[in-house]
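All remarks here apply to the structure that follows.
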Amino acid sequence: MTQNITLAVVLTVLASIALAVASVVQHVAVGDTAGGGGAARKLSGSELLAVIRNPRWLGGLALTGVGAVLQMTALLLAPVTVVQPIGVLAVPWTILLAARVGRRPITPAMWGAAALTMAGTVAFAWVAISHAAPYPVLNDAWLVTGTLVSFGIAGLLALAGARGPLGWRCLAWSAAAAVIYGAESGVVKAMGHYATSRPWLGSPVFWMLAASIVAGMVLAGMWIQQGYASGPAEIVVGTLNAAGPVAGVAYGVAVLGEGMMLTGPAVALMVVFAAIAIAGVVLLSRIHPGEPGPDSTPNEPLAADPEAVQGYEGRPDAAETGGIR
């Protein structure tokens, strides 16, 4: 398919809006079905099943599918290093929508954290776009290795989401999904080029990539719901749109050869801008009103009232949630 970067940018912006709306809808559905999102907790298997039967959640899933189709189309029209970073626009959309739905104010600190995330990601995208390669380079060994490494990194992050400090779990679950989505943007790009330039029907590598997309969609989808259960939609979307582009560009550069035009100073700038974007998401996770910060500890009751503390100590689920409900 012929490159059309302008059209790809428009499609990606529309996809970011669809993702923002879908995220807020699904976050609310998780809270309604499983007893409230943002409680720094992990959904059980039965709760996950209840969530995916919720009509509101299914509506959000359909909207997510629309956004995915728009983004996949954009990936066929432009390099991964161009398409992925633009999705950061979903962050301000989500903050506005979540504040509207939750009837809560948006603090200057929240806007500052979102601005930091957007600035870092946009700058990261600018460097990537300025040095974008005209076409991907397909190497079967690189494709297999890069995809497996991406799943391994995502798995470690998911483990941190399940077992790590309560205040960091939303961030870890979301980052695990972001790595999968970032890598899969590169996989989609590779499969599209594979299908138009090579005999793909009999290629085991092509079908391995196809299977990785299916497995990745299932895993990332479950991890995102865990993120919604342990934190606000803004943190989930912020992480997806800061860590996702970094993972996508890393895959594009390391696996698809899209870094052939990158210089040393450009790589250094991309590392700095990626760190700024991720710092913005971490800051947003710390200052979000009404949510536990990453420094919250399971042994620290949140109430100063002695009766409240006594109730905390006697509550059966206190050991699991750290008193945060």
Side-chain angles (χ1 to χ4, degrees), residues 1-5 8 11-12 15 65 67-87 124-125 127-129 131-158 175-223 240-241 243-262 266-267 270-271 274:
M1 185 177 290
T2 304
Q3 283 201 151
N4 187 330
I5 292 181
L11 292 176
T12 308
V69 170
L70 291 172
Q71 188 165 37
M72 283 190 289
T73 304
L75 285 166
L76 297 176
L77 297 171
V80 176
T81 48
V82 173
V83 173
Q84 270 293 89
I86 298 173
F124 181 89
V127 177
I129 290 170
H131 298 81
Y135 53 84
V137 175
L138 300 183
N139 180 296
D140 287 352
W142 291 357
L143 286 169
V144 173
T145 302
T147 302
L148 292 177
V149 167
S150 298
F151 271 78
I153 294 172
L156 291 175
L157 288 167
V179 170
I180 292 293
Y181 283 151
E184 286 198 343
S185 66
V187 172
V188 168
K189 181 73 175 180
M191 290 181 65
H193 195 66
Y194 217 111
T196 58
S197 63
R198 296 186 180 185
W200 55 275
L201 277 174
S203 168
V205 172
F206 179 90
W207 292 110
M208 175 266 181
L209 295 178
S212 76
I213 288 181
V214 175
M217 288 176 63
V218 173
L219 289 173
M222 291 192 300
W223 293 340
L240 288 174
N241 287 281
V246 173
V249 171
Y251 190 98
V253 170
V255 179
L256 301 181
E258 291 186 354
M260 64 178 68
M261 298 177 66
L262 285 173
V267 172
M270 290 175 71
V271 171

Do Val69 and Thr73 have side chains that get closer than 4.5 Å, going by heavy atoms?
yes
Spacing of Leu138 atom CG and Met191 atom CE [to the nearest 0.5 Å]
11.5 Å
Euclidean distance, Leu148 CG relative to Leu143 CG, rounded to 0.5 Å
10.5 Å
What are the two closest heavy atoms between Trp223 and Ala177, and how far apart are they?
CE3-N, 3.9 Å
Locate the shortest heavy-atom distance separating Leu201 from Trp207; write the atom from each residue and the value.
O-NE1, 2.8 Å
Is the closest side-chain heavy-atom distance between Val188 and Gln71 below 4.5 Å?
no
Is a side-chain N or O of Thr196 found less than 3.5 angstrom from the main chain of His193, in a donor-acceptor match?
yes
Shortest non-hydrogen separation from Ala266 to Val127 and the atoms involved:
O-CG1, 3.6 Å
Under the side chain to side chain contact (heavy atoms under 4.5 Å, CB included) test, which residues partner Leu156, sequence neighbours left out?
none
Straight-line distance of Ile180 CD1 to Ile213 CD1, nearest 0.5 Å
11.0 Å
Looking at every non-hydrogen atom in both residues, tell me the closest pair between Gly186 and Leu256 and how far apart they are.
O-CD1, 3.6 Å
Residues in side chain to side chain contact (heavy atoms under 4.5 Å, CB included) contact with Ala250, at least two apart in sequence or another chain
none
Please say whether more than 12 non-hydrogen atoms of neighbouring residues, nucleotides or ligands are located less than 6.0 Å from CE in Met217.
no
Correct closest heavy-atom pair for Val179 and Ser150 would be CG1-O, 3.4 Å
Distance-only, no hydrogens or angles: does the Ser203 side chain make a donor-acceptor pair with backbone N or O of Trp200 under 3.5 Å?
no
Closest non-hydrogen atom pair between Tyr251 and Gly146, with its separation
CE1-C, 3.9 Å
Would you mind reporting whether Arg198 and Val205 have side-chain heavy atoms less than 4.5 Å apart?
no
